[in-house]
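In what follows, a single structure is set out as structure tokens and then discussed.
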Amino acid sequence: MNADFCEFLTELAEYEKNVSRNIHKYNAYKKAASVLSIHSRRIKSGDEAKKLKGVGKKIAAKIDEFLQTGKLKKLENIHNDEKAQAIQLLTRVSGIGPVKAAELVTNGIKTIEDLENNKNKLNHNQLIGLKYFEDFEKKIPRAEIEEIETKIRRIIVDLDSDYDITICGSYRRGKLESGDIDMLITHPTFKMTSDKKKHGEQMLKKLVAALNEIVTDTLSIGDTKFMGVCRLSPGHAARRLDIRLIPCEQYHCARLYFTGSDVFNKEMRAHALEKGFTLNEYTLRHIGVTGVPGEPIPISSEEDIFDYIDYPFKTPEERNI
Ligand code: 8DG
Ligand code: CA
Ligand code: CA
């Protein structure tokens, strides 16, 4: 009902993140876009929008301006700002953040072609981002992630049937297309108490090596996190794949966190705090009267986490906010 508002708010959010580097404004625009996207009636004025949680005076004024003139002065100015456009373009390359993009633009590098001619200014990750620039812009169809998942499961189970895998992110929330593949993996012997660092490093290396049929590049690999590229077949596009190795005690908190959406996570964390708990990607802990979090609460399912903080269970598909 309010897709046009969401569209300009998202564009303003991107501008604040990449060009102004103002994370507060970025969050404010994203939050407003999110509440408007789930609002089931058409908003007819800024005043009406202001009644929604997350829409303040300034955003309400922009909605009025858009309703009255069909455009936004601020966005027009941004569109006409060559430097801002160049920064936005370069941040679309995986591995190039707002700071690097601004530095490149200052040095006269403003297009993808300029990057091709100045590879010496890019690090390993940015070179991979450039190599797959077009592929990484493409969304991944659900059916393709299903095929990748099947393949990965087959390979990992062959290695050791005790591994447990979940592909999280938008895929787990049931989306028909995803930006990347967020995979979590755990094993009963991989515990907080075990020599996590050494054990994890070996395990992760072995896992990635076993996936060599589909993994084509490594951006980074540490003791618990692999960031890289996979390709289902030569006919498919290259896809961003992250693999996180999670200690089994933390698996459910990690699954919850990496399933998202990020807005859902924020709401759930805020609810946890109201109930006297602190929740993050690792643990759920009670906050005592002193304000100091206690020991991690043992968790054996995602449902457990919802139960402890007295929050009605939401299936992954219901977390798309
Ligand atoms: P997409 O890839 O299809 O675009 O969507 P996504 O799967 O929802 O987003 P993502 O960027 O891949 O992040 C995966 C989940 O991780 C996200 O749904 C929620 C969680 N997450 C946060 N905050 C952040 C953050 O700052 N960075 C990342 N990478 N993930 C985050 O809650
Ligand atoms: Ca994702
Ligand atoms: Ca991701």
Side-chain angles (χ1 to χ4, degrees), residues 6-7 10-11 13-14 16-18 21-31 33-34 37-38 91-98 125 128-129 132 135-146 148-149 152 165-185 215 217-222 224-230 237-246 250-273 278-284 302 305-306 309 311 314-321:
C6 298
E7 199 175 303
T10 304
E11 207 183 324
E14 290 301 304
E16 295 298 341
K17 181 173 72 175
N18 297 328
R21 286 179 248 155
N22 185 329
I23 195 71
H24 298 296
K25 286 192 180 180
Y26 164 75
N27 283 329
Y29 283 129
K30 274 230 355 192
K31 171 80 198 174
S34 162
S37 73
I38 54 171
T91 56
R92 279 163 52 194
V93 176
S94 170
I96 299 185
N125 284 3
I128 291 175
Y132 297 122
D135 275 6
F136 287 175
E137 293 251 298
K138 293 182 188 135
K139 290 280 190 180
I140 318 171
R142 186 169 188 82
E144 187 179 326
I145 304 190
E146 282 167 355
I148 291 172
E149 181 176 20
I152 289 180
I165 300 168
T166 311
I167 297 185
C168 296
S170 49
Y171 174 73
R172 185 156 179 250
R173 300 198 308 276
K175 292 278 185 179
L176 295 176
E177 291 183 327
S178 295
D180 64 357
I181 303 168
D182 304 295
M183 187 177 129
L184 302 188
I185 185 158
V215 169
D217 301 79
T218 298
L219 292 163
S220 64
I221 181 163
T224 57
K225 186 173 162 194
F226 164 83
M227 295 176 78
V229 186
C230 72
R239 309 298 192 182
R240 279 279 296 106
L241 168 68
D242 290 342
I243 303 175
R244 287 180 173 81
L245 184 57
I246 312 283
Q250 299 182 342
Y251 193 52
H252 301 287
C253 283
R255 286 172 90 216
L256 177 69
Y257 178 85
F258 287 105
T259 297
S261 69
D262 51 356
V263 174
F264 174 80
N265 286 350
K266 273 186 203 130
E267 289 205 5
M268 189 154 168
R269 273 199 303 271
H271 181 90
L273 275 178
T278 173
L279 173 64
N280 60 25
E281 65 179 282
Y282 311 109
T283 57
L284 176 69
E302 260 185 338
I305 306 167
F306 288 82
I309 66 167
Y311 195 72
K314 299 270 194 287
T315 64
E317 292 82 1
E318 290 167 335
R319 301 178 203 163
N320 279 306
I321 58 164

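Read the numbers this way: they start at 1 and go in the same order the structure lists the ligands and their atoms. By convention here, the first residue in the shown sequence is residue 1. Scope of the values below: all heavy atoms of this structure, side chains included, with no hydrogens, waters or symmetry mates.
Distance check, rounded to the nearest 0.5 Å: CD of Q250 to CG of L256 gives 13.0 Å.
The shell of residues lying under 4.0 angstrom from ligand 1, judged by heavy atoms, includes T259.
There is no protein heavy atom less than 4.0 angstrom from atom 30 (N) of ligand 1. Protein heavy atoms are found inside the 4.0 Å sphere centred on atom 16 (O) of ligand 1. Protein heavy atoms are absent from the 4.0 Å sphere centred on atom 9 (O) of ligand 1. Taking a distance limit of 4.0 Å, we find that atom 22 (C) of ligand 1 is approached by some protein heavy atom.
At under 3.5 Å, a nitrogen or oxygen of S170, whether backbone or side chain, sits near a nitrogen or oxygen of ligand 1.
Without hydrogens or angle criteria, E14 side chain to E11 main chain gives no donor-acceptor distance under 3.5 Å. Using a distance-only test at 3.5 Å, with no hydrogens or angles considered, a donor-acceptor pair links the side chain of S261 to the main chain of I321.
Nearest approach of T259 to R173, heavy atoms of both residues: O-NH1, 2.8 Å. Between D180 and I140, the closest heavy-atom pair is CA-CD1, 3.7 Å.
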Next on the checklist: Evaluate R239 against V229 for side-chain contact (heavy atoms from CB on, under 4.5 Å), listing each step before the verdict.
Outcome noted: CA-CA 5 Å; R239 309 298 192 182; V229 186; 6.0 Å; no

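Take the N/O/S atoms of D182: the one nearest the Ca ion (ligand 2) is OD2. Restricting D180 to its N/O/S atoms, the shortest distance to the Ca ion (ligand 2) is reached by OD1.
Checked options I221, I185, L219; the residue passing with F226 is I221 (criterion: side-chain contact (heavy atoms from CB on, under 4.5 Å)). Checked against Y171 for a side chain to side chain donor-acceptor pair (under 3.5 Å), the options E149, E146, R142 give a single hit: E149.
Residue-environment remark: NZ (K25) stays at or below the threshold of 12 foreign heavy atoms within 6.0 Å. Other residues, nucleotides and ligands place no more than 12 heavy atoms under 6.0 Å from the OH atom of Y282.
Closest protein heavy atom to atom 13 (O) of ligand 1: D182 OD2, 4.4 Å. Looking from atom 26 (O) of ligand 1 to the surrounding protein, the closest heavy atom is Y257 OH, 4.6 Å. Scanning the protein for heavy atoms near atom 2 (O) of ligand 1, the closest one is D180 OD1, 3.0 Å.
Each of the following atoms of ligand 1 lies closer than 4.0 Å to a heavy atom of R173: 8 (O), 18 (O). Under a 4.0 Å criterion applied to the non-hydrogen atoms of S178, ligand 1 contributes the atoms 3 (O). Below 4.0 Å from some heavy atom of G169 lie the following atoms of ligand 1, by number and element: 7 (O).
Residue contacts with ligand 1, taken as heavy atom pairs separated by less than 4.0 Å, involve N265 solely via side-chain atoms from C-beta onward.
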